[in-house]
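Order of the sequence lines sets the chain letters (A, B, ...), proteins ahead of strands, with each chain counted from 1. Please read these numbers as outputs of a predicted model, since none were measured by experiment.
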Amino acid sequence: MDMYEKVIELARRRGFIWPAFELYGGAAGFYDYGPLGAPLKRGIEDLWRAFFVIREGFCEIECPTIGVEDIYKASGHLSGFSDPLTECKECSEIYRADHLIKHIIEVPDALANEEIYRVIQENDVFCPECGGDLSEIYEFNLMFKTFIGPGGKQPGYLRPETAQGMFVNFPRLLRHYRDRLPFGAVQIGKSYRNEISPRQGVIRLREFSQAEAEIFINPRDKTHPRFGEVADLVMTLYSKGGQERGETEEMTVGEAVDKGIIAHETLAYYVARTYQFLTEAGISKDRLRFRQHKDDEMAHYAADCWDAEVLLDRFGWIEIVGVADRTNYDLRSHMAQSQANLTVYLPFDEPRKEEKLVVKPDMKKLGPLFRKGAKAVADALQALPMEDLKQDPILVEVDGEKVEIDPALVSFEMVEEEIRGEEIVPHVIEPSFGIDRILYSVLEHSYREEMVEGETRAVLALQNRVVPIQVAVLPLMDRAELVAPAEEIARELRGMDLRVEYDSSGSIGRRYRRNDEVGTPYSVTVDYETLEEGTVTIRDRDSMSQIRVKKGEVAEKVLALLKGEMKFSEAGSPLAS
RNA sequence: GCGGCUGUGGUCCAGGGGUUAGGACAUGAGCUUCCCAAGCUUGUAGCCCGGGUUCGAUUCCCGGCAGCCGCACCA
């Protein structure tokens, strides 16, 4: 059994991750989060919120998971996210149709499917495997399509990423932030991709959760005011150059920016925050690296892009986060599609003075003279440079005809104008997190087995911050005199909003093991000394050691331990074993 | 989507054209002053789905679904 099998088996058995629709045979690429998985996922998302909403001052929004067609025309998902496929009629092999004619047509992407098929037929392209005839082209789009309202008139698509919600709300977000850069907006939610062949469990899903931030910044200033907070952080980087040499480098974030390895401070800042988030969530530092996209794998508009990759036992290095400088591509696309103005007015530090030629055609006279053509003449006059306006007569060309204009009909002068700022389209830094992949990676990186008295002990060493069961309350035996105080303690802990597991079944050792396996960090045990001395024990998951504390103090101590405000060894007196 | 392998209680596995499908672990109830998967008593729970062959199918055949591996695909 490899690690993946062990972890997935545990996750299924103990209620973290279940195949969806199992009752009806299931469907590939869909999973349920069970009673422990759902709180674990929420814990990871809440930690993400702490990092990317609270501490950065970004806002969280929530948009529909179904989008109208224009959004995905603009984003490129409608055209770029679908592949033209063709199938061999003999051996049923499937090919990307455009790939088959690459050597004939330079830009096959530009062709319609019928045209690709014609090129295939005219150039005698056959199945590369068996030489058989190829079928007509059919489109496979990775977006789930649906229809909005009755009649099938308005198509809708399940969103393939949450990012577009932030882009299409840009004008309102800008106003929310009172017309100033930089600002950020985030969204945590489901996205959908109709993958051809989802494999690898929760790594490749058809419905998955993303946490994405879109940070809108001034393209002229990509420094970051809080860069100093992360400059000394050491990370494992796998840069473009490093990939060519086949080696990773340990480096501080500051050094990476100084050497030009990471494009600029702002990108590096969020790479660093990503590192902190992942390690606090429970990703192992020595199985985490940041890999830079090579030029040919990066989208053409992107300036720089770094993926956080984790090392998984079965799958090798897997991408779990992408942090990209997408420049102004997305906003420009939506400007073109929607005709809306998605710019920000940026004042200059100092107003600039500029000389400007102002041309004023005398419309009172030009109007009667040229009637319908007057506007075209005036436009042509206004486009002329100074020298041409000084001629007598002034020559302009309107609709291919040369027209002579009396200089008396037009006045012009140089005006000194003060320019206080300019309209710009912000650049976007996009950290994009795959929550499901992170959750699985946290499980695998937290899982360990150790030998205890000849038995294998399985432990999920989850971080307190994300753990689904925070504390177990266990009477030493299922007897009334122990059960009563144990139930009382469980009630008290629940009263503090802790997620408590109360368990009185079987032997105490078995219950410790069960809780170890799902990561419960602390177990409170009620024994006969509780009745005699008024104390209980707290057991630490990782060390298996126990301390004894007063019953009345156990709740506050457990809370302090969970928050990391108290060391375990200092929370009570050690239990003689 | 193609090919190969696989599908039996919650988990892991055994089995087999014919009465009641077997084990281990897990799990419920009970006993036990018992702190690391102990013990005893006693329960619950299964042949992936559909069709075919057959007197009879969990077993054989076909299809579907799911899992694993390979190919293809992967903004």
For L476(A), report the nucleic acid contact type (base, sugar-phosphate, nothing); a contact means any heavy atom under 4.0 Å. base
Side-chain N or O of Y4(A) less than 4.0 angstrom from OP1 or OP2 on rC68(B)? yes
What interatomic distance, in whole Å, is found between C1' of rU53(B) and the corresponding atom of rU20(B)? 27 Å
C1' gap between rU59(B) and rG7(B), integer Å: 13 Å
Of the candidate nucleotides rC35(B), rC36(B), rC68(B), which contains the atom at the shortest distance from the side chain of R314(A)? rC68(B)
Do the side chain of Q546(A) and the base of rC35(B) come within less than 3.5 angstrom through a donor-acceptor pair of N or O atoms? yes
Pick base, sugar-phosphate or nothing for D516(A), based on heavy-atom distances below 4.0 Å to the nucleic acid. nothing
Reckon S505(A) has a side-chain N or O less than 4.0 Å from the OP1 or OP2 of rG28(B)? yes
Whether R13(A) contacts rC25(B) is assessed here as follows: a side-chain N or O lying under 4.0 Å from the phosphate OP1 or OP2. Is that the case? no
Residue E62(A) excluded, over 12 heavy atoms near CD under 6.0 Å: no
Under 4.0 Å between a side-chain N/O of R14(A) and OP1 or OP2 of rU11(B), yes or no? no
Under the ring-ring contact (aromatic ring centres under 6.0 Å, His included) rule, collect the residues that match up with F216(A), sequence neighbours excluded. F170(A), F183(A)
Taking only the side-chain nitrogens and oxygens of R510(A), find out if one of them lies under 4.0 Å from OP1 or OP2 of rA38(B). yes
Return the pairing partner of rA66(B) with a 3.5 Å limit on both distances, Watson-Crick or G-U wobble; otherwise return none. rU6(B)
Reckon R479(A) touches a base, only the sugar-phosphate, or nothing at all at heavy-atom distances under 4.0 Å? sugar-phosphate
Student check: side-chain heavy atoms of Y33(A) and L439(A) closer than 4.5 Å: yes
Check: rC36(B) base within 3.5 Å donor-acceptor of R511(A) side chain: no
Is it true that atom NZ of K190(A) has more than 12 heavy atoms of other residues, nucleotides or ligands lying nearer than 6.0 Å? yes
Taking the C1' atom in each of rU8(B) and rG67(B), what is the distance between them to the nearest angstrom? 15 Å
Does R291(A) make a cation-pi contact with W317(A) (under 6.0 Å, within 45 degrees of the axis)? no
Is there a Watson-Crick or G-U wobble partner for rU11(B) with both distances under 3.5 Å, and if so, which one is it? rA24(B)
Touch check for E9(A), heavy atoms < 4.0 angstrom, all strands: base, sugar-phosphate only, or nothing? sugar-phosphate
Among the nucleotides rC35(B), rA66(B), rC73(B), which one has an atom lying closest to any side-chain atom of T525(A)? rC35(B)
Would you say a side-chain N or O of R513(A) is under 4.0 Å from OP1 or OP2 of rC35(B)? no
Measure from NZ or CZ of R539(A) to the centre of the six-membered ring of Y512(A) and say whether it is under 6.0 Å with the direction within 45° of the ring axis. yes
Determine the Euclidean distance between corresponding C1' atoms of rC47(B) and rG18(B); express it in Å to zero decimal places. 16 Å
Considering only side-chain heavy atoms of A28(A), which listed nucleotide, rC35(B), rG30(B), rG67(B), is closest? rG67(B)
Contact class for R12(A) (heavy atom, under 4.0 Å): base, sugar-phosphate, or nothing? sugar-phosphate
Mind checking G201(A) for me? I need base, sugar-phosphate or nothing, with any heavy atom below 4.0 Å counting as a touch. sugar-phosphate
Is the phosphate of rA38(B) approached by S507(A) (side-chain N or O, under 4.0 Å from OP1 or OP2)? yes
Ring centroids of Y512(A) and rC36(B) base under 5.5 Å with planes under 30°: no
